[in-house]
Amino acid sequence: MDFSKAGTGLVPPQVKAFLKWAEDDVEGFWEDAAIKSSNDIHWFKKWDKVFTWDYPTFKWFEGGLTNICYNCLDYNIERGRAGRAALIAESGETGEVHTVTYAQLLYKVQKAAAALRGMGVKKGDRVAVYMPPSIESLSVMLACARVGAIHVVIFAGFSAGAVADRVNISGAQYAIVQDQNLRRGKPVDLKKIVDEGFDKCPADQIKKVVVLKKGDNPPMKAGRDIFWDEFLAGGEGQSSAVEIMEANDPLFMLPTSGTTAKPKVTVQKHGGYQMYIYNMAKWIYGLKETDVWFCTSDIGWIVGHSYNTYGPLLHGCTSILYEGTPDFPRQDMWWDIVEKYKVTAMWLSPTGVRGLMRLGIEQPRKHDLSTVERIFCAGEVLNPPAWQWLQEEVFENRIPVMDHMWQTETSGPIFANPYGLGMIPIKPGSAGIPVPGIIAEIVDDRTGEKTPRGEKGAVLIKRPFPGLVSYLWGDREHEMYKGAYWEKTPATKGSYYCGDAATLDEDGYVWFAGRSDEVIKIAAHRIGTIEVENALIGHPAVAESGVSGVPDELRGEVASAFVVLRAGYEPTGALKKELITHVRNTMGPIVVIKDIQFVKMLPKTRSGKIMRRIMRTLWSNAELGDLSTIEEEASVAEIKEAIEKMRG
C-alpha cells in the first residue's frame, strides 16, 4: 500500500522503510526475518527455498526442519528460562489457580507426548481436543505438535452436531476431552456432548477417548474411553523426543469462525505459522520475555492458538489463561486478574470491551491497573465509543488502546498499529495500516480497479505471506480454496480476497465497514453495516447494535437495526425515533433506517463476532446454514420475532 502520497505523513520513516522493503523484496524480507528470529526459533536444518508459489497453494521455508513445540519449550530452557513462569491458569468459576514454569511445562508435555505415542498416535494423525483453557489442554496441544500429530481443538461448549462435523471432516481417530466444566456456576456435561457427537461419526472412527475428570463418574465406553491418569501411565517406556518436522508439515487444523454460512477447515504448518506469529508479536504487540500477557480468548479460536499458546511461549514470556466470564461470580474478574498478576499487556475483543463497559467504570476503578502498558483489540471493529471508554475513562490516556484486524485464515494481524516497530497516531474506528509483509489494496471487486481514497471497496492481499492458510482440509484439488479466496470474482483473480469492505483515508489508514456482502446499497450509496452500528453506539442509551440491509422497492435497500440498551434505559417508541434521528444527524439523510427493534442479545459467534448474516437470512426466509458457532441460539428466535414486528 503506497504511503508516499499520504496527506500528513503519520507513518514514521523507519516503519515506512520497513514496509517498503517487505513490498519490494518479499522473499528477501521474510528470509531476513527468519534469520533474525533464530535467537528464539531454532531450525534443525535451514530451508532450501524461502517461497514457492504453485498457484493457488504455496510453501514457505521449503526443506527447513523445525518443531514449534521444541521452540516453545526446550529452546527456551536451553537459554536459561527454565524457572520463568510460562502459564498461569485461573478458573473464575472455581477460583483454582495453577502456575507452571517452562521446565514444569516441558515435563508435562513430555509426559503427554509419550502417552500419545503409547496410545498409538503417529506423525500426521489427527487428535480432537474438547477442553477449556487450562494447563492440561495446552499441554495436549504442545504434545501433539511435539510428536507431529495434528491437533483439532473444538471449542468446549460446541454442540454435539458441531463436534461430529469437525471430527468427521478431520478424520480424527483420537480425542482428549474434559468431562465437565462450569458456566456461571452451573455444571456443563461436556462428556455427554462429545459422546453424542461421536455417535454421529462412523462406528469405528474413534479409537481412544482420554477423559480428564473434573466432575463425578462420567459415563465411560469400555474399550474406548480411558481416564487421564491411565493415559499418562500408558506412556511408560515410550519416547517423548521431538519429531523433526518439515516446515510445511501440518501443525493444526481449525474451522473458520462461522460468520459466513459454512465454516471452512483451515490448516496451519510448523514453519510459516511460527515465523509469522512470532514476528507479529514482536512488530505489532512489542512482546518481550518480561511481559505478563493476558489474552482473553479461548483456545477454540485462532487467537487462542496464536496468542494464548504459541506466540507468548515462543517469546519466553508469561501467558495467562482464564476460564470463565468477566462478570461471574464478580463483575470485576478480569480487572482482578490484571492487578493480581501485574499484567503488562492485554488482548481483548470489542465484544469484551463493550461488555466491560456495560458493567460500569466503578469495576476497573477498584483495582490498580498501573502495570498495563498497552492494549490490543480485534475480532470486529472497536467502535469509537468503546475505544474512548477504555482509552480515556479506564486508563485516562496513560497507555495506548489499539484496534487491529485479522482472520482465522491469516493466523495473526494483517492490519494494525505497528506498536513494536514505531507507534503511529491512533484513529478511533480504524484498524491502522497493513502490517509488514502484507501487500494490500482496496478495489472495486467488479472491475479490479483501486478505489479512490475515502471510497469503499473490497480488501485484497496481493501475495501470500507465511501466516496465510495455503489450503483447506479435504479440498484435494484446491477448488474450494481457490474459489473462496483467490478467484472470488473474475476481477480479483490472483489476489487473496479478505471478504471485507473498507476505505483508505488520506494517511493510509484502513477503515473497515463490514463484510463485503454486508455493505448496504441505499439508492446507489454504499453504506457499511459497521458505520451505522458505530453511529447507534454513539448514543448514550445503546450498548450494542447489529445492522443489516433489507430490500426496499424505492431505494433498493435500507437498513434494519437491532439494539441492545444499556442498563437504566427502557425501550420506547420515543427512544426509537430519537435513535433514528441520531443516526441521520451523524451520517446524513442518505442513511435510511426501516426500523429499529430492541433486543436483549445479538446473534454472535462464541468468539464474539456479530452474525449479521443471520439477520439478513431471516429477513429473506432463506436457510440459515451452519449455526454451530453461535453463542446463544435463543438470540436467533429473538431476532426472528423482531423481524416479524418490522414486517408489521
Side-chain angles (χ1 to χ4, degrees), residues 42 44-45 65-78 86-87 100 102-131 134-154 167 170-178 194 198 204-213 220-253 267-271 273-274 299 305 309-310 313 473:
H42 177 72
F44 300 106
K45 173 184 171 292
L65 300 180
T66 187
N67 184 293
I68 196 170
C69 175
Y70 178 86
N71 289 325
C72 285
L73 299 176
D74 308 61
Y75 203 40
N76 271 311
I77 291 168
E78 288 175 23
L87 301 174
V100 290
Y102 276 85
Q104 290 169 330
L105 182 57
L106 175 59
Y107 175 75
K108 287 180 176 291
V109 170
Q110 286 174 325
K111 294 275 284 183
L116 285 170
R117 286 183 169 131
M119 197 165 63
V121 175
K122 305 179 297 298
K123 178 181 177 179
D125 285 347
R126 279 80 71 201
V127 179
V129 181
Y130 191 74
M131 305 172 77
S134 66
I135 305 292
E136 290 83 5
S137 56
L138 264 69
S139 295
V140 167
M141 292 168 68
L142 289 159
C144 287
R146 192 173 190 84
V147 304
I150 304 166
H151 60 70
V152 187
V153 180
I154 303 169
V167 170
S170 68
Q173 294 180 307
Y174 305 91
I176 303 183
V177 308
Q178 187 169 303
V194 293
F198 296 157
D204 58 349
Q205 180 175 338
I206 304 296
K207 294 180 178 179
K208 284 290 181 186
V209 177
V210 178
V211 181
L212 179 65
K213 185 178 174 183
M220 302 288 283
K221 183 174 180 179
R224 186 195 71 175
D225 297 358
I226 59 174
F227 284 115
W228 182 262
D229 289 345
E230 185 182 347
F231 165 65
L232 293 181
E236 288 294 326
Q238 297 290 331
S239 170
S240 63
V242 170
E243 186 79 27
I244 306 301
M245 306 296 286
E246 200 275 335
N248 293 280
D249 284 337
L251 168 63
F252 65 82
M253 62 178 73
V267 181
Q268 286 291 353
K269 306 168 183 176
H270 276 258
Y273 172 77
Q274 68 176 322
I299 59 168
H305 284 57
T309 309
Y310 293 114
L313 296 178
W473 190 262

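We're numbering straight along the sequence, starting at 1.
Shortest non-hydrogen contact noted between Met141 and His305 is CE-CD2, 3.9 Å. Scanning both residues, Leu251 and Tyr273, for their nearest heavy atoms gives CD2-CD2, 3.5 Å. Across every non-hydrogen atom of Gly120 and Asp125, the tightest pair is O-OD2, 3.8 Å. Between Leu116 and Cys144, the shortest heavy-atom contact is CD1-N, 3.8 Å. Nearest heavy atoms, Ala145 versus Ile68: CB-CG2, 3.9 Å. Considering all non-hydrogen atoms of both residues, Arg146 and Cys69 come closest at NH1-SG, 3.5 Å.
The environment of Lys108 atom NZ is sparse: at most 12 non-hydrogen atoms of other residues, nucleotides or ligands sit within 6.0 angstrom. Tyr107 OH: 12 or fewer foreign heavy atoms inside a 6.0 Å radius.
Distance alone, capped at 3.5 Å, is enough to place a donor-acceptor pair between the Thr66 side chain and the His42 backbone. In this structure a side-chain-to-backbone donor-acceptor pair under 3.5 Å is missing from Gln274 to Asn71. Between the side chain of Asn248 and the backbone N or O of Lys269 there is no donor-acceptor pair closer than 3.5 Å. Side-chain atoms of Arg126 come within 3.5 Å of backbone N or O of Ser170 as a donor-acceptor pair. In this structure, Asn76 contributes its side chain and Leu313 its backbone to a donor-acceptor pair below 3.5 Å.
Here Asn67 contributes atom CG and Leu73 contributes atom CG; the two are 9.5 Å apart, rounded to the nearest 0.5 Å. Atom NE2 of His151 is separated from atom CD1 of Ile299 by 9.0 Å, given to the nearest 0.5 angstrom. Atom CE of Met119 and atom CD1 of Ile176 lie 5.0 Å apart (nearest 0.5 Å). The structure places OG1 of Thr309 at 8.0 Å from CG of Leu87, a figure rounded to the nearest 0.5 Å. Annotation: the span from Leu106 atom CG to Ile77 atom CD1 amounts to 4.0 Å, rounded to 0.5 Å. For the atom pair Tyr70 OH and Glu78 CD, the distance stands at 3.5 Å (nearest 0.5 Å).
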Inset, instruction - Could you please spell out the steps behind the side-chain contact (heavy atoms from CB on, under 4.5 Å) verdict for Lys221 and Phe198? - result: CA-CA 11 Å; Lys221 183 174 180 179; Phe198 296 157; over 6 Å; no
Legend entry - Check against side-chain contact (heavy atoms from CB on, under 4.5 Å), Val194 and Val209: CA-CA 10 Å; Val194 293; Val209 177; 5.6 Å; no
Inset, instruction - Before giving the answer on salt bridge (charged side-chain N to carboxylate O under 4.0 Å, His left out), spell out for Arg117 and Glu243 the whole-Å C-alpha distance, their side-chain angles and the decisive distance to 0.1 Å. - result: CA-CA 11 Å; Arg117 286 183 169 131; Glu243 186 79 27; 3.5 Å; yes
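Taking the six-membered ring where the residue is Trp, Tyr310 and Phe252 present parallel rings, their angle staying beneath 30° rather than reaching 60°. Between Trp228 and Phe231, the ring-plane angle classifies as tilted under the 30° and 60° cut-offs.
Looking at heavy atoms from C-beta onward, Leu142 lies in side-chain contact with Leu105 at the 4.5 angstrom threshold. Counting heavy atoms from C-beta outward, Glu246 and Leu65 have side chains that approach closer than 4.5 Å.
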